[in-house]
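A quick write-up on the structure given underneath.
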Amino acid sequence: MKKLWLKIGLSFFILFFVVMVIVGIFSGELMKSTYLTMKENQLEDDAKILLQTTNIENLNLDEDAGTIQKTLDPLGDEIDARITVIDNDGDVVADTKKDPDNLNNHMNRPEVADILEKGKNVGISIRESDSLGYSMLYVAVPVKHQGKTDGVLRISISLESVDAAVAKLWGNLALIFGIALVIIAAISVFIARKITRPVNEIIEVSTDLANHKYDSRIHGKVSGELQDLSVSVNMLAESLETQMFEIKQNEQRLNAIVQNLVSGVMLINVDKQVIMTNRTMYQILGETEITGKPFYEVIKSFALSQLIDATFETKTMQQKEIILYFPREMILDASVSPILAENGEITGIILLLHDITQIRHLENVRSEFVTNVSHELKTPVTALKGFAETLLDGAMYDEMLLKKFLTIIKEESDRLHRLIMDILALSRIEQNPVAENTEPVDVDEVIEQSSRTIFEMATEKNIQVSVPEKTIPPIIIETDRDKLQQILINLLSNAINYTPVDGKVEVKLINQEAEVIIEVTDNGIGIPAKDIDRVFERFYRVDKARSRHSGGTGLGLSIVKHLVENCGGRIEVESQEEVGSTFRVTLPKKA
C-alpha cells in the first residue's frame, strides 16, 4: 500500500497537472486567437497605409492596371505578404505573386464578397489558396474613388508563419508549464509530508492504543483541526491508560480475593467449559489441570453435575449440601448461580463450593458434648435426689442406713463437683490457647511434686509409681509450671485409675537438644486400637462401665491435650489391650 504522503502528493500533482493542461489549452488557443487578431489588424492597417502611399484610390482600376502592377511589383520581393488588387467586377487588376491575367475572378472569395457585395469596411478570411496551394490569411479593404467602392485591396500572408509563431508560443508555454509542474510536484510533496507527518503520528498512536500500548502519545506540533485531533487522541490515550490501570488494579484485587477465598470458585461458560478457578477449588477436587476442560471431566460427583445442569436449564440459583467421595470424603455446601445477559440469556455460571465437613463434625461433637454432659450430670443428680427422698421418707431414722446413704450422697456430690470443675477447667484452657505465665521450670522437680500429689491414690490400689532420678545438671524448660504439673497429675491419675491393684506406673524423662519428652507408662487394661485416635475427645469413653467404676469424668485426657498444646507441645499415645498404655508428652525447651 502506498504511503499516505505519496497519495496526497500525487493527488495534488494530478490536480495541478489537469488544471494546468486545461489552462494551457485555453491559454494557447487564446494566444493563437489573439495573435491572429493582431495579424488581421496589422494587415488591415498595412492595407490602408498601402492605399495611401500608392495612390491607388486616385487611379482607374481597369484603365491604370499596368501602372498599379508596376507600383506593386517592388513590394513582392521586399515583403512576404501577397498583395492583390481586384476591381468592382471581381477581376484581378494586379498581384505581387501571380500574373493577374492567369487568375480567376475573385468575386466568390469571402473577403472580397464581404466588401463588394455586403459593403463591409474590411473582409477577413482564412483558407487554402487555390493558386498558391497552402493556407493563407486574407484581409481585404475597399478601394474607394469619389466615395464609391471601385474595388478591393487585399493583403494575405501564409499561415505557416502564424503557425510557427503559435508553435513557438506553445513551446514556451510548455517549458513554463513543465518548470511549473516540477515546482508544483516539489511543493506537493513538501505539503503532503507536512500534512501527513502528524496524521502518520496519529495513526501510529492509534495503532499503539489498539495494541494495548497506552503510554503512547502524539508529540508533534501542528495547528488547526489536526491539533484538535491530536489533543483528542492524547486525551483518549490518557483516559484509556487510566482506565486500564484501574481495570488491572481491580482485576488484581479481584483475583487476590478469589484466590484467597476459603471457598472453591469455578466459572463455567455457556459451552460448559471451565474458564477460571481458584486454589481452593484445586484442593477440593484434587485436580492439577481444570481450566479449559468441560466441568463434568473435573467434577467427580453426579449430584454436583446434576446441580450445574439444573442451573443451565432453569437459569435460577441452585444450592444444596453434597457429599463428595473423591479425592477424599467431605461435605460441601454447593451454590450454583447463573450469569444472565440483558436479554435474559445465560452466558455462564459461577460454582461455589464450601467445605463444611469440619463444621458438621463440630456440630456433631457439640451435640455429643451436650448429650454427654446432660447424661453425666443426670446420673449424680438422680442419685442425690433418690437417696434424699428415701431419707425423707423415713430412712433417716435408721442410723446405719442414714450413714450409708449420706456416704453415697457425698460421693455423688464429689463426682458432680469433679465434673463441673473439669468442664470449667476445659473452658478456661480453651479461652487461653497460649501459656501466659511462662518461667524457667525444673522438670524433675515438677515430676516429683506430681508423684507426691497422687501418692495416696496409688497407695489405695497398691500401685507402684516410679519416677526418674534427678538429672545433673537439672533439665530446665520455659513453660507454665502449673499447667505442666496439671498435665502430669492428670496423666498419672488416669494411669492409676485404669491400672489394676498391685500394678505399676512409670514416669520417664528424655532430654533432647531442643525438646523434652515425658513418658507415663502403665500396665493397665490398655486401649483398643480402634479407640486410640478418639481418646482425647471430650467424654469419649472406651468402655463406659469401667469409666464410671474408675470415677473418671471423661474430660481428663481432653484437658491434657489442650494443656500440652497451650504449652507449644504435642501428645501421643501407644497402647495395647491387657498390656498397658504409654502417653508421650513432647515439650519445647524454650517457649
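To the nearest 0.5 Å, atoms CG (Asn523) and CD (Glu506) are separated by 10.0 Å. For the atom pair CD1 (Ile257) and CG (Asn278), the distance works out to 12.0 Å, reported to the nearest 0.5 Å. The distance from the CG atom of Leu384 to the CZ atom of Phe405 is 13.0 Å, given to the nearest 0.5 Å. One distance of note links CG of Asp309 with CD of Gln306; it measures 8.0 Å at 0.5 Å rounding. Considering CG of Leu240 and CG of Leu236, their distance stands at 4.5 Å, rounded to 0.5 Å. Atom CD1 in Ile447 sits 11.0 Å away from atom CD in Gln485 (nearest 0.5 Å).
A donor-acceptor distance shorter than 3.5 angstrom exists from the side chain of Asn211 to the backbone of Thr207, with no hydrogens or angles considered. In this structure, Asp531 contributes its side chain and Ile527 its backbone to no donor-acceptor pair below 3.5 Å. Formation of a donor-acceptor pair under 3.5 Å by the Ser301 side chain with backbone atoms of Leu324 is not found in this model. A side-chain donor-acceptor contact under 3.5 Å links Asp444 to the backbone of Thr471. Between the Thr459 side chain and the Asn462 main chain, no donor and acceptor come within less than 3.5 Å of each other.
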- request: Could you please spell out the steps behind the side-chain hydrogen bond (donor to acceptor under 3.5 Å, both in side chains) verdict for Ser239 and Gln243?
  value: CA-CA 6 Å; Ser239 177; Gln243 292 180 23; 3.0 Å; yes
query: How far apart are the C-alpha atoms of Glu399 and Lys404, what are their side-chain angles, what is the distance that settles it, and do they pass the salt bridge (Lys or Arg N to Asp or Glu O under 4.0 Å) test?
result: CA-CA 9 Å; Glu399 186 174 349; Lys404 179 181 178 181; over 6 Å; no
message: Apply side chain to side chain contact (heavy atoms under 4.5 Å, CB included) to residues Leu492 and Ser450 and explain how you reach the verdict.
response: CA-CA 8 Å; Leu492 289 170; Ser450 301; 4.2 Å; yes
- request: For the pair Lys300 and Glu287, evaluate salt bridge (Lys or Arg N to Asp or Glu O under 4.0 Å) and give the outcome as yes or no after the intermediate values.
  value: CA-CA 10 Å; Lys300 306 298 190 300; Glu287 295 283 341; 2.9 Å; yes
task: Starting from the C-alpha separation in whole Å, work towards a yes-or-no answer on side chain to side chain contact (heavy atoms under 4.5 Å, CB included) for Ile284 and Leu332.
output: CA-CA 9 Å; Ile284 292 174; Leu332 300 175; 4.0 Å; yes
query: After noting the C-alpha distance and the side-chain angles of Glu519 and Val507, does the key distance pass the side chain to side chain contact (heavy atoms under 4.5 Å, CB included) rule?
result: CA-CA 6 Å; Glu519 292 184 352; Val507 180; over 6 Å; no
task: Just do the salt bridge (Lys or Arg N to Asp or Glu O under 4.0 Å) check on Arg584 and Glu574 with the steps written out, would you?
output: CA-CA 8 Å; Arg584 185 178 297 108; Glu574 295 178 1; 3.4 Å; yes
message: Using the rule given for side chain to side chain contact (heavy atoms under 4.5 Å, CB included), can you reason through Leu491 versus Ile487, listing the C-alpha separation, both sets of side-chain angles and the distance that settles it, and then say yes or no?
response: CA-CA 6 Å; Leu491 289 177; Ile487 290 169; 4.0 Å; yes
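A 4.5 Å side-chain heavy-atom check between Val336 and Ile350 finds every atom pair outside the cut-off. Counting heavy atoms from C-beta outward, Glu321 and Ile331 have side chains that approach closer than 4.5 Å. Taking the side chain as every heavy atom from C-beta outward, Met266 and Ile299 approach each other to under 4.5 Å. Residues Leu353 and Ser263 are not in side-chain contact: their nearest non-hydrogen atoms beyond the backbone lie 4.5 Å or more apart. A heavy-atom distance below 4.5 Å is not found between the side chains of Thr582 and Val573. Side-chain contact between Lys504 and Asp522 is absent, with no heavy atoms from C-beta onward closer than 4.5 Å. Looking only at side-chain heavy atoms (C-beta outward), Ile518 and Lys508 stay at 4.5 Å or farther from each other. Considering only heavy atoms from C-beta on, Thr479 stays 4.5 Å or farther from Thr438 through its side chain.
For the residue pair Asn494 and Leu557, the shortest heavy atom distance occurs at ND2-CD2, 4.1 Å. Shortest non-hydrogen contact noted between Val298 and Leu285 is O-CD1, 3.9 Å. Nearest heavy-atom pair, Ile409 versus Ala388, reported as atom, atom and distance to 0.1 Å: CD1-N, 4.2 Å. When all heavy atoms of Ile454 and Ile496 are compared, the closest pair comes out as CD1-CD1, 3.6 Å. Residue Lys461 comes nearest to Pro500 through the heavy atom pair CE-C, 4.4 Å, listed as atom of the first residue, atom of the second, then distance. Closest approach of Thr280 to Leu261, counting heavy atoms only: OG1-O, 2.7 Å.
Between the side chains of Asn511 and Lys589, at least one donor N or O lies within less than 3.5 Å of an accepting N or O. Side-chain contact, Thr291 with Glu289: no donor N or O sits under 3.5 Å from an acceptor N or O. With hydrogens and angles left out, the side-chain atoms of Thr347 and Asn269 include no donor and acceptor closer than 3.5 Å.
Taking a cutoff of 4.0 Å between a charged side-chain nitrogen and a carboxylate oxygen, Lys213 and Glu204 do not qualify as a salt bridge. Residues Arg452 and Glu448 are paired through a salt bridge, judged by an N-O separation under 4.0 Å between the basic side chain and the carboxylate. Look at Lys470 and Glu445 and you find no salt bridge, because none of the NZ, NE, NH1 or NH2 atoms lies under 4.0 Å from a carboxylate O. One finds no salt bridge joining Arg481 and Glu439 here, because no Lys/Arg side-chain nitrogen approaches an Asp/Glu carboxylate oxygen to under 4.0 Å. Salt-bridge check for Arg217 with Glu241: passed, with a basic side-chain N closer than 4.0 Å to an acidic carboxylate O. For the pair Glu246 and Arg253, the salt-bridge criterion is not met [side-chain N within less than 4.0 Å of a carboxylate O].
Evaluated for a side-chain contact (heavy atoms from CB on, under 4.5 Å) with Met330, the options Ile322, Thr357, Ile356 yield exactly one hit, Thr357. With Gln486 as the partner, the side-chain contact (heavy atoms from CB on, under 4.5 Å) test is satisfied by one option alone out of Asn490, Asp482, Leu488, Ile489: Asn490.
When the shell of 6.0 Å around CD of Glu469 is examined, it contains 12 or fewer heavy atoms from other residues, nucleotides or ligands. No more than 12 heavy atoms of other residues, nucleotides or ligands shown are found within 6.0 angstrom of CD1 on Ile472. Counting non-hydrogen atoms of other residues, nucleotides and ligands closer than 6.0 Å to CD of Glu456 gives a total of 12 or fewer.
Both tests pass for Lys272 against the ring of Phe312: distance under 6.0 Å to the centre and angle within 45° of the axis.
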